[in-house]
Structures are given as C-alpha cells and as structure tokens.
Amino acid sequence: MTDKNIRIVSLIPSATEIAATLGLQYAIVGRSHGCDYPPEIAHLPVCTQARLNGHADSSCIHNEVNNILLSALSIYKIKVDVLERLQPTHILTQDQCDVCAVSLPEVEKAVAQLTHTTPQIISLQPSTLRDVWGDIERVGQTFGINSVEVLENLEARVKICNRKIQGLSITEIPTVTCIESTDPLMVAAKWIPELIHLAGGQTLFSGIGQPSAHLSWDTLIGSNPDVIIFMPCRFDLQRTYQEVKLLTHRPEWEELHAFKAGRVYITNGNAYFNRPGPRLVDSVEILAEILHPDIFEYGYKGTGWQNL
C-alpha cells in the first residue's frame, strides 16, 4: 500500500512522467519549470527557474550556457522558499546533464537549506533504454509500487514495432542522422541510436549510450545519409521548423541525398526523444512511421513529427 503522506517534488520532466505513469500523480506537489506532462500537473507550484533565455535561437542559447558555466553558476536556480513551503518527502532529479535540468549538487545544496523537512533525493542518470526501464523500476520500488505491468506494456510496444521490421533486407534499412542541435551542429546520442535501430534504421556518427558529439558540415555532406531527423531538446515542432529553415539556405543543403529524396523530418523534441521516460516508446513509434511509412501508421504525424 502506498503511503498517502508522501509529497513528491519532481525537478525533471522525465521523472514527472515516470511518477505519473506509476500512478503517483496524486502525490506530486511541485514541479520544475520544464514539467508540462501530463497536462494535469500544470497547476502545480514551480520550483525551478532558468538563468537563460529559452526563446533565443540555438546559437545564442549555446553561448549563454557556456557563459553561465564559465561563471561557475548553475544554469537553473531552485526556489528554496517554494520547496520549504511544499515540505516534500521526496525529490526526483537527475545527475546527467547540467544543460537539461537542475544539477544534483544544486539540489543537495537546496535541501541542506531546508529547515522543516529532509526529503529523500532520488537521482536518475539513464544512458540507454534499459537504464530508463531500471529508473521506472527504482522509482516504483521507492514508493512501494509494482512496476512490472507498466514495464511489460512499454516493452511489448517496442517489441511489436521491432518485430515488424525483422523481415527487411539491408538495402531497406536506411542510414539515419539525428540532429540534436543546429548551431553548433550536434548529433543526438545516448538512447537515440538504440531507438533508431529498434525502428528499422542504421544510425550514423553515434553509439548507444554515448554522449552527443559535434558534427561538421563536411562530415554530414560526406556521409550523405538517407534520412535526416531534427530533434532539438526543448523545441516543439514550430520552434524546430524555425531553427532548421536557417540551415536550408546553405549551398551544401541541396546536395544531400535526404533532401533530394524528401526524407528530411522535424520532430517535437521537447515532448519526445529528449525525455528518458515512458514516452521514449512513443519516440520509437514516431521513428518507425518516419523510416517505414509503408509498414507503420501510428498517427503521430502533425503532432510528433512532420516532413520539413
């Protein structure tokens, strides 16, 4: 039986989604400024604040992030007064990317300032899909919830998707470049190569579990992938479209095979792909629709992805 006295503050969107999927939505009393799913948590008090302008273009955001880090500051601030008022018993956070969410040291520093409560910190650090399943299980165990059914359902969807592409020949498996940042140009990594493989693609430039890496235009042109998919972190479809349109003016752009074949796509990287939680399964299904439209039609087109 779950303790009805638990009070969870989630400081990262993926953890909020994990908790909600496990049936803990009722216990979430506070969230980060980036937590926007499920929609029912939108009314909750916001416990973090960004020091950068999230509405600037990729280049400005990149430079601003570097300047903040050079100043030995965290990119995100925790509102300790809000935490104090909420008196959480547990805080969900991450220890993976200081650019994506508030850092673990920042959380520990904030907790040390609290006078009325000493919440347990649960820090997630996934790099692969298996790690994400492990995080779901660990959050469940922390709150006395059996996560077996949730995990079985998620894994079953992935297996159904992967099974449908098993009969494809090597020539039917397209080479894919997933771009996480447009300026500077960077490829998506961590769990993304794994998702590409499960959806019937062959990823270029990055290995499973590896950090994102910079990509030169010469390398992109030289590799000439069959498919290019843009999935910038924190950007929805409209924002991604605005960023990518700037690249299409480059003279090399029209040389790309993916452009000539009409196989350049933009995605909602804010809702999918960059949140290591339950919706990574949706992300596999989105990729399957993109890579093999003759086999898959899940219905994500127009909301999760679209042709450039």
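Note that the structure is a prediction, hence the values are computed from the model and not measured.
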(request) Side-chain contact test, heavy atoms from C-beta onward, threshold under 4.5 Å: evaluate it for R157 versus V284 and give yes or no. (result) no

(request) Could you pull out the closest heavy-atom pair between I28 and A19, with the gap in Å? (result) CD1-CB, 4.0 Å

(request) Report the distance from atom CG of L24 to atom OG1 of T16, rounding to the nearest 0.5 Å. (result) 11.5 Å

(message) Check whether N270 reaches the backbone of D236 with its side chain - one donor and one acceptor, N or O, closer than 3.5 Å.
(response) no

(message) Is any side-chain heavy atom of E137 closer than 4.5 Å to one of Q141?
(response) yes

(request) Mark yes or no for whether H292, through its side chain, and G200, through its backbone, hold a donor-acceptor pair below 3.5 Å. (result) yes

(message) So does D226 get a backbone contact from the side chain of T175, meaning a donor-acceptor N/O pair under 3.5 Å?
(response) yes

(request) Quick one: pull up OG1 in T203 and CD1 in I208 and give me the separation to the nearest 0.5 Å. (result) 9.0 Å

(request) Identify whether L308 and M231 are in the same connected component of the hydrophobic contact network (ILVMFWY, side-chain heavy atoms under 4.5 Å). (result) no

(request) Could you label the plane-to-plane angle of the F230 and W253 rings as parallel, tilted or perpendicular, counting under 30° as parallel and over 60° as perpendicular? (result) tilted

(message) Would V187 and T177 count as a side-chain contact (heavy atoms from CB on, under 4.5 Å) here? Give the steps.
(response) CA-CA 7 Å; V187 291; T177 296; 4.2 Å; yes

(request) Indicate if W133 and Y272 have the same hydrophobic cluster label, given that clusters are the connected sets of ILVMFWY residues with side-chain heavy-atom separations under 4.5 angstrom. (result) yes

(message) Contact between S32 and I12 at the side-chain level, heavy atoms closer than 4.5 Å - yes or no?
(response) no

(request) Specify the closest pair of heavy atoms between P278 and T21, including all atoms of both residues, with the distance to one decimal. (result) CG-OG1, 3.3 Å

(message) Nearest 0.5 Å, please: how far is CD in E252 from CD1 in I221?
(response) 5.5 Å

(message) With side chain to side chain contact (heavy atoms under 4.5 Å, CB included) as the test, pick out the partner of Q306 among I290, I266, T267, T240.
(response) I266

(request) Indicate whether any N or O donor in one side chain lies under 3.5 Å from an N or O acceptor in the other, for H116 and E84. (result) yes

(request) Return the set of residues passing ring pair (Phe, Tyr, Trp, His ring centres under 6.0 Å) with Y300 (not counting sequence neighbours), or none when no residue passes. (result) none

(message) I need the Q120 CD to T142 OG1 distance, nearest 0.5 Å.
(response) 5.5 Å

(request) Output the distance between atom NE2 (H90) and atom OG1 (T117), rounded to the nearest 0.5 Å. (result) 10.0 Å

(request) Answer with yes or no whether the hydrophobic clustering places L198 together with V176; edges join I, L, V, M, F, W, Y residues whose side-chain heavy atoms lie under 4.5 Å apart. (result) yes

(request) Taking the side chain as every heavy atom from C-beta outward, state whether L114 and V80 have any pair of such atoms under 4.5 Å apart. (result) yes

(message) How close do L22 and S147 get, counting heavy atoms only, and between which atoms?
(response) CD2-CB, 3.8 Å

(request) Please tell me if the side chains of W305 and N307 come closer than 4.5 Å, counting only heavy atoms from C-beta onward. (result) yes

(request) Without swapping roles, check the side chain of S10 against the backbone of R31 for a donor-acceptor pair under 3.5 Å. (result) no

(request) Verify the neighbour count for atom CD of E254: are there more than 12 heavy atoms of other residues, nucleotides or ligands below 6.0 Å? (result) no

(message) Is it the case that over 12 heavy atoms from other parts of the model lie below 6.0 angstrom from the CD atom of E155?
(response) yes

(request) Looking only at non-hydrogen atoms, find the nearest pair between Q49 and H33 and report the distance. (result) N-ND1, 3.9 Å

(request) State, yes or no, whether a side-chain contact exists between C161 and Y298 at a heavy-atom distance under 4.5 Å. (result) yes

(request) Give the C-alpha distance, both sets of side-chain angles, the deciding distance and a yes or no for side-chain contact (heavy atoms from CB on, under 4.5 Å) between L246 and T182. (result) CA-CA 9 Å; L246 299 175; T182 55; over 6 Å; no

(message) Set out, in order, the CA-CA distance, both residues' side-chain angles and the distance that settles salt bridge (Lys or Arg N to Asp or Glu O under 4.0 Å) for D36 and R275, then state yes or no.
(response) CA-CA 12 Å; D36 56 10; R275 294 191 182 187; 2.8 Å; yes

(message) So which atom in P45 and which in V82 form the shortest heavy-atom distance, rounded to 0.1 Å?
(response) CB-CG1, 4.1 Å

(request) Scan side-chain atoms only and decide if R263 and Y265 contain a donor-acceptor pair under the 3.5 Å cut-off. (result) yes

(message) Among L287, V158, I286, exactly one meets side chain to side chain contact (heavy atoms under 4.5 Å, CB included) together with L195. Which residue is that?
(response) L287

(message) Please check this pair: side chain of Q166 against backbone of N162, looking for a donor-acceptor N/O pair closer than 3.5 Å.
(response) yes

(request) Answer yes or no: is there an ion pair linking R138 with D135, defined by an N-O contact shorter than 4.0 Å? (result) yes

(request) Would you check if P232 and E243 make a side-chain contact, meaning some heavy-atom pair closer than 4.5 Å? (result) no

(message) For residues F296 and V281: do they belong to one hydrophobic cluster (side chain heavy atoms under 4.5 Å, members Ile, Leu, Val, Met, Phe, Trp, Tyr)?
(response) yes

(message) Can you confirm whether I41 sits close enough to C35 that some side-chain heavy atom of one is under 4.5 Å from a side-chain heavy atom of the other?
(response) yes

(message) Distance check, rounded to the nearest 0.5 Å: Q113 atom CD versus T115 atom OG1?
(response) 10.5 Å

(request) Check E180 against S212 and note the closest heavy-atom contact, atom names and distance. (result) OE1-OG, 2.9 Å

(message) Are I160 and L154 connected into the same hydrophobic cluster when the rule is that any two of I, L, V, M, F, W, Y join if their side-chain heavy atoms are below 4.5 Å apart?
(response) no

(request) Test side-chain contact (heavy atoms from CB on, under 4.5 Å) on N224 and L256 and set out the steps. (result) CA-CA 6 Å; N224 210 9; L256 289 165; 3.9 Å; yes

(request) Give the C-alpha distance, both sets of side-chain angles, the deciding distance and a yes or no for side-chain contact (heavy atoms from CB on, under 4.5 Å) between L86 and C47. (result) CA-CA 10 Å; L86 293 175; C47 303; 3.6 Å; yes

